[in-house]
Peer 1: 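My questions all concern the structure below.
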Amino acid sequence: MTGYIVKRLISAVPVLLGISVIVFLIMAMIPGDPATAILGSYATPENVEKLNRDLGLDKPLVQRYFIWLGNMLQGDFGRSFSLNRAVLDEVLERFNATLLLAGTSFVICSILGVAAGVVSAARQYGLADKAITFAVLLGISIPSFFLGMMMILIFAVNLRWFPVSGMWPIYGARDLSALISHLTLPAIALAVVATGVIARLSRSAMLEVLRQDFIRTARAKGVHERSVIWRHGLRAAMVSIIPVLGIQAGFVLSGAVYIEMVFQWPGVGRMLVDAILKRDILLVQGGVVFVAACYVLFNIAVDVAQSLLDPRIKA
Amino acid sequence: MSFLRLLSRNRLALAGLIVMSVVVLLALLTPILPLPDPDVTNTAERFKKPFSERALLGTDHLGRDLASRLMWGTRLSLAVGFAAAVAAATIGAAIGVIAGFYGGRVDNVIMRGVDMLMGFPYILLALAIVAALGPGLLNALIAVAAVNIPFFARNIRGVTVGIAHKEFVDAARLCGMSNARIIITEVVPNVVPVIVIAMSTTIGWMILETAGLSFLGLGSQPPQADLGSMLGEARSALITNPHTSVVPGAMILVIVMAINLLGDGVRDALDPRLKSGALSRPMPTTMVRRTDPVPQPEGDGILSLRNLQTQFHVKDRIYKAVGGVDLSVRPGECLGIIGESGSGKSVTALSIMGLVASPPGVITGGAVHYKGEDLIGAPYETLRHLRGDRVAYIFQDPLATLHPLYTVGAQLIEAIQSHHRTSTSEARARAIELLKSVRIPNAEARVDNYPHEMSGGMRQRVGIAMALANDPEVIIADEPTTALDVTVQAQILALLDDLRRERGLAIIFITHDFGVVAQLCDRVAVMYAGRIVEEGPTDAILNAPAHPYTARLMACVPELGQGRRQLAAIPGLPPVVDKLPAGCAFADRCPKAASACRSGDIDLGPFGPARKIRCIDPEIPVQEATA
């Protein structure tokens with residue numbers, strides 16, 4: 001198992017390098033030069049030139065990439081001019097908040113989505129199946145930012161069950177219950193789309209599995225239908241559900257940007273949007289690379305989980 | 001044509017189509033509709049409620065008419081989403097076709113790149129692109145199209161790889177066509193339907209994503225507004241004037257939902273598996289719909305089938321897989337059922353415990369008496385208690401019939417614990433004992449193996465061990481040795497024979513192999529087109545087959561050391577069981593068929609003291625039937 005994990009980690013190196021190249025190239029495509037963007041259009045040519053030299057922008061592209069990469073590997077993601085702060089510090093702080101939000105959402109959508117898919121498949125064409133299918137359709141069709149706004153309107157403004165926005169109360173204790181009450185609405189709003197997608201794919205994965213011969217064997221053994229579905233069916237279906245969970249984790253992680261905007265959640269997505277609007281390129285670059293790298297590592301974790309679940313995959 | 005009919009049968013998809021048509025039509029007509037200018041501000045009239053005078057949907061924070069802005073915004077959102085979809089599909093498909101058609105290194109390099117892009121959390125990639133290009137609707141469009149290219153590339157590549165190896169492509173190559181021409185004339189026409197399906201399922205996403213970027217302020221810039229930026233601008237007034245948010249938000253919801261409904265409908269209509277109903281899940285027991293009176297138990301069999309009828313209802317066709325079967329087996333007896341593939345022998349066996357997949361299977365008549373109690377239509381719990389405990393199955397192909405993700409030990413333990421309250425350690429000891437009893441060497445270690453770690457013969461023994469787990473009274477073995485080589489087959493048959501003699505098991509043994517019948521079975525029933533055509537003691541039938549079908553079936557079997565004898569295939573094919581002829585089902589292939597054979601049902605009548613036959617012109621005189 002350790003060998004397998006090491007092998008997967010090594011195979012992630014080219015992917016991570018590829019991501020860094022893609023991000024670097026996208027950022028290098030920027031028309032005009034960043035120095036002007038930073039200093040504003042009234043900057044003197046001398047100042048622009050000096051800043052370009054300070055940022056290393058007078059060097060050739062390839063050389064700039066390797067300098068950037070080398071710095072990043074040493075933990076130096078550069079300095080955000082709009083925040084006047086080290087990019088990595090800012091990203092790490094914001095990423096904690098995003099991870100809390102996205103992680104909670106991911107747990108919600110995995111459990112609810114798989115459960116809904118299994119129930120739906122087990123009661124195919126029954127009332128529960130129809131209700132779930134309709135809810136799923138609604139869930140994958142509603143824009144998460146609109147859903148978030150409606151949830152604020154209903155549950156925060158009208159019913160006053162939850163705070164309207166933010167991660168912590170402005171006044172009052174920053175304890176767990178405060179965090180949970182702030183987290184509930186955004187986490188659910190973020191989970192809805194992914195829940196729908198997971199439920200849908202779980203349903204079809206289950207239907208596929210329930211037609212297999214080994215399900216008939218389980219029934220012929222006299223295994224109770226509940227076990228046939230949840231033990232035999234779901235276990236086999238998980239093999240095709242887990243990769244979907246991995247993909248959805250990416251959607252939840254990056255879809256958090258909308259929810260962070262709606263709920264004023266101090267996460268990395270909101271930081272990125274602000275940075276884009278302020279043309280703070282280093283902050284965007286650093287944030288994107290960091291989140292993408294985390295996602296790659298997460299996917300390795302998914303592969304490892306997959307190999308634990310399916311003994312046919314040679315670990 | 002049938003595609004449209006199929007689509008229209010799906011009412012939800014039709015609803016989606018209608019809604020979408022209305023929205024698109026309104027969007028197209030927007031410029032000529034009598035609407036106020038969407039961008040004219042009038043702060044005196046700001047935040048008017050919906051349904052107020054001169055503003056059907058009210059006004060926004062700058063006093064602009066919401067209805068008008070909604071129409072123009074919808075028009076813009078649809079156009080951008082559609083353009084992004086077309087751009088992504090075209091570029092993605094081009095990449096996919098090239099990668100799939102040329103294969104090799106080209107394919108490798110392209111697909112590596114595609115995989116890498118797909119490894120990105122993809123809204124993040126769109127954000128990075130917008131960050132580089134700067135905020136703006138066109139840039140948002142480019143970003144959304146770009147992040148969707150890998151999806152199309154990968155899908156289309158898969159399809160192209162399949163097409164690139166088809167005969168017609170080889171033929172075009174042999175004709176000397178250039179690669180470019182083959183791609184355009186042979187490959188592209190075949191991938192277009194796939195592109196259309198992929199587009200129909202993703203266009204909703206693209207509209208959502210462009211709306212999302214606009215919502216974040218990275219898409220359309222004021223005063224121009226698509227639905228996303230309308231929602232984004234309305235956010236600050238969410239609490240005081242929610243209608244300004246609800247109007248554009250609900251519109252996005254309606255559009256995306258209609259597209260999703262339509263996309264699902266298109267996909268379903270084109271998926272051949274859904275047409276055949278192959279994606280329905282089998283229910284815990286076979287459906288029972290008996291109209292005729294249920295036959296009473298008779299005879300001394302522990303398990304007896306009386307006039308059992310099982311059908312498959314697929315769409316408007318009815319396949320009579322089992323058309324009235326009578327069978328009976330006593331304790332310690334082995335009954336063989338023999339017939340060609342499709343003769344209904346497996347369906348007969350599965351019907352006994354309600355294991356025929358349903359839908360599409362339906363038991364439409366007859367009875368199965370176990371110790372005098374009718375099992376057809378028995379409550380689920382009754383059947384479940386008997387399954388595997390009193391009546392156990394051994395299936396063919398144990399790689400597919402054992403659960404691939406549990407160890408054989410776990411599966412044996414489960415079989416025991418489904419019927420007996422025992423501790424897991426006790427059950428495990430019993431599982432090892434069972435594996436030993438079917439002569440699996442080193443059972444203590446093998447118990448922790450997964451099915452894929454065992455050989456075919458070993459797996460089949462595990463299947464038998466599982467059937468024996470609860471000391472059943474009846475074992476139904478459905479071609480348990482077909483997938484095995486001859487020596488393993490002989491061992492397993494010997495094993496079953498021992499078990500039957502030691503434990504007084506009743507065995508129903510299904511096979512298409514006369515050699516197996518001769519070795520194991522006391523009596524044999526020959527099935528053809530869902531019915532038994534001949535039944536009796538094995539020796540008697542093998543020595544002197546009475547039904548023309550039995551005789552011809554036996555003539556198909558080569559015999560070792562008997563050279564010279566001509567092997568005779570039976571001319572023609574078995575009838576399709578949804579169009580059974582009147583009278584004898586074998587008449588069309590029978591050299592002796594007379595008009596009387598086709599005129600009416602022929603009963604399975606007695607033939608001598610111990611045999612039965614469904615034929616009016618037997619191969620041998622009835623006096624020889626006792627032989």
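Side chains are part of it too, since the values below use all heavy atoms of this structure and drop only hydrogens, waters and symmetry mates. Just so we're clear, the structure is a prediction, and the values are computed from it rather than from any experiment. Throughout, protein chains are lettered first and strands after them, A, B, ... in sequence-line order, and every chain is numbered starting at 1.
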Peer 1: Between A:E225 and chain B, which part of the residue has a heavy atom less than 4.5 Å away: side chain, backbone, both or neither?
Peer 2: both

Peer 1: Counting C-beta onward and ignoring hydrogens, is there a side-chain heavy-atom pair between B:F395 and A:D213 closer than 4.5 Å?
Peer 2: no

Peer 1: For chain A, which residues of residues 238-246 of chain B have at least one non-hydrogen atom nearer than 4.5 Å to it?
Peer 2: B:L238, B:I239, B:P242, B:S245, B:V246

Peer 1: Give a yes or no on whether the backbone of A:R216 and the side-chain of B:Y393 come within a donor-acceptor separation of less than 3.5 Å.
Peer 2: no

Peer 1: Under a 4.5 Å cut-off applied to non-hydrogen side-chain atoms, are B:S418 and A:H224 in contact?
Peer 2: no

Peer 1: How long is the straight-line distance from CG of A:D310 back to NE2 of B:H452, given to the nearest 0.5 Å?
Peer 2: 8.0 Å

Peer 1: Heavy-atom pairs under 4.5 Å with chain A - which of B:A467, B:G388, B:P282 has more of them than the others?
Peer 2: B:P282

Peer 1: Among A:A275, A:G250, A:G269, A:A220, single out the residue with the greatest number of heavy-atom pairs under 4.5 Å to chain B.
Peer 2: A:A220

Peer 1: Check for a donor-acceptor pair, side chain of A:R211 on one end and backbone N or O of B:R281 on the other, with a separation under 3.5 Å.
Peer 2: no

Peer 1: If you tally heavy-atom pairs under 4.5 Å against chain B, which of A:N299, A:V296, A:I22, A:L272 wins?
Peer 2: A:I22

Peer 1: Considering only heavy atoms, which portion of B:H403 lies under 4.5 Å from any heavy atom of chain A: side chain, backbone, both, or neither?
Peer 2: both

Peer 1: In terms of heavy-atom pairs under 4.5 Å with chain A, which of B:M353, B:R235, B:E209 leads?
Peer 2: B:R235

Peer 1: Taking only heavy atoms into account, what residues of residues 12-21 of chain A are found under 4.5 Å from chain B?
Peer 2: A:P14, A:V15, A:G18, A:I19

Peer 1: Using non-hydrogen atoms only, which part of B:A357 is less than 4.5 Å away from chain A: side chain, backbone, both, or neither?
Peer 2: neither

Peer 1: Rounded to the nearest 0.5 Å, how far apart are CG of A:L253 and CD1 of B:I123?
Peer 2: 9.5 Å

Peer 1: Hey, which of B:A400, B:P284, B:G463 has the most heavy atom pairs under 4.5 Å with chain A?
Peer 2: B:P284

Peer 1: Take A:F146 and B:I252, measure what side chain to side chain contact (heavy atoms under 4.5 Å, CB included) needs, and give me the verdict at the end.
Peer 2: CA-CA 9 Å; A:F146 179 55; B:I252 302 177; over 6 Å; no

Peer 1: Using side-chain heavy atoms (C-beta onward) and a distance below 4.5 Å, is A:V262 in contact with B:F215?
Peer 2: yes

Peer 1: Out of B:G217, B:A250, B:A234, return the one with the most heavy atom pairs under 4.5 angstrom to chain A.
Peer 2: B:A250

Peer 1: Distance check, rounded to the nearest 0.5 Å: B:L261 atom CG versus A:S141 atom OG?
Peer 2: 7.0 Å

Peer 1: Mind ranking A:M150, A:R235, A:R270, A:Q285 by heavy-atom pairs under 4.5 Å with chain B and telling me who comes out on top?
Peer 2: A:R235

Peer 1: If I measure from the heavy atoms of chain B, does A:R200 come under 4.5 Å with its side chain, its backbone, both, or neither?
Peer 2: side chain

Peer 1: Out of B:R112, B:E414, B:M257, return the one with the most heavy atom pairs under 4.5 angstrom to chain A.
Peer 2: B:E414

Peer 1: Name the member of B:T285, B:L350, B:L383, B:I476 that forms the most heavy-atom pairs with chain A at distances under 4.5 Å.
Peer 2: B:L350

Peer 1: Counting only heavy atoms closer than 4.5 Å, note whether A:A292 contacts chain B via side chain, backbone, both or neither.
Peer 2: both

Peer 1: Around A:F134, counting heavy atoms of other residues, nucleotides and ligands shown, do more than 12 lie under 6.0 Å from its CZ?
Peer 2: no

Peer 1: When heavy-atom pairs shorter than 4.5 Å are enumerated against chain B, which of A:F251, A:F214, A:Y295 gives the highest number?
Peer 2: A:F214

Peer 1: Among A:A218, A:A122, A:A293, A:S227, which residue forms the greatest number of heavy-atom pairs with chain B at distances under 4.5 Å?
Peer 2: A:A122

Peer 1: What distance do B:R387 atom CZ and A:R219 atom CZ have between them, rounded to the nearest 0.5 Å?
Peer 2: 7.5 Å

Peer 1: Can you tell which part of B:I259 gets under 4.5 Å to a heavy atom of chain A, answering side chain, backbone, both or neither?
Peer 2: neither

Peer 1: Let me know if A:I152 has heavy atoms under 4.5 Å from chain B in its side chain, its backbone, both or neither.
Peer 2: side chain

Peer 1: Looking at every heavy atom in both B:P404 and A:P311, which two are closest together, and how far apart are they?
Peer 2: O-CG, 4.1 Å

Peer 1: With only heavy atoms counted, which part of A:V223 is less than 4.5 Å from chain B, the side chain, the backbone, both or neither?
Peer 2: both

Peer 1: Less than 4.5 Å to any heavy atom of chain A: does that hold for the side chain of B:Q417, its backbone, both, or neither?
Peer 2: neither

Peer 1: On the ring face of B:Y406, is A:R231 found with NZ or CZ under 6.0 Å from the centre and within 45° of the axis?
Peer 2: yes

Peer 1: Select one option (side chain, backbone, both, neither) describing which atoms of B:A415 are under 4.5 Å from chain A's heavy atoms.
Peer 2: both

Peer 1: So for A:I140, is it side chain, backbone, both, or neither that comes closer than 4.5 Å to the heavy atoms of chain B?
Peer 2: both

Peer 1: Quick one: does any side-chain atom of A:T217 pair with a main-chain N or O of B:T401 as donor and acceptor, under 3.5 Å?
Peer 2: yes

Peer 1: Side chain, backbone, both or neither: which part of A:V193 has an atom under 4.5 Å from a heavy atom of chain B?
Peer 2: side chain

Peer 1: For B:P135, is it the side chain, the backbone, both or neither that has a heavy atom under 4.5 Å from a heavy atom of chain A?
Peer 2: side chain

Peer 1: Select one option (side chain, backbone, both, neither) describing which atoms of B:D264 are under 4.5 Å from chain A's heavy atoms.
Peer 2: side chain

Peer 1: Can you find a pair of side-chain heavy atoms, one from B:L127 and one from A:V288, that are under 4.5 Å apart?
Peer 2: no

Peer 1: Got a second to check how far B:L218's CG is from A:I276's CD1, nearest 0.5 Å?
Peer 2: 5.0 Å

Peer 1: Look up atom CG in B:L216 and atom CG in A:L277, then write down how far apart they are to the nearest 0.5 Å.
Peer 2: 8.5 Å

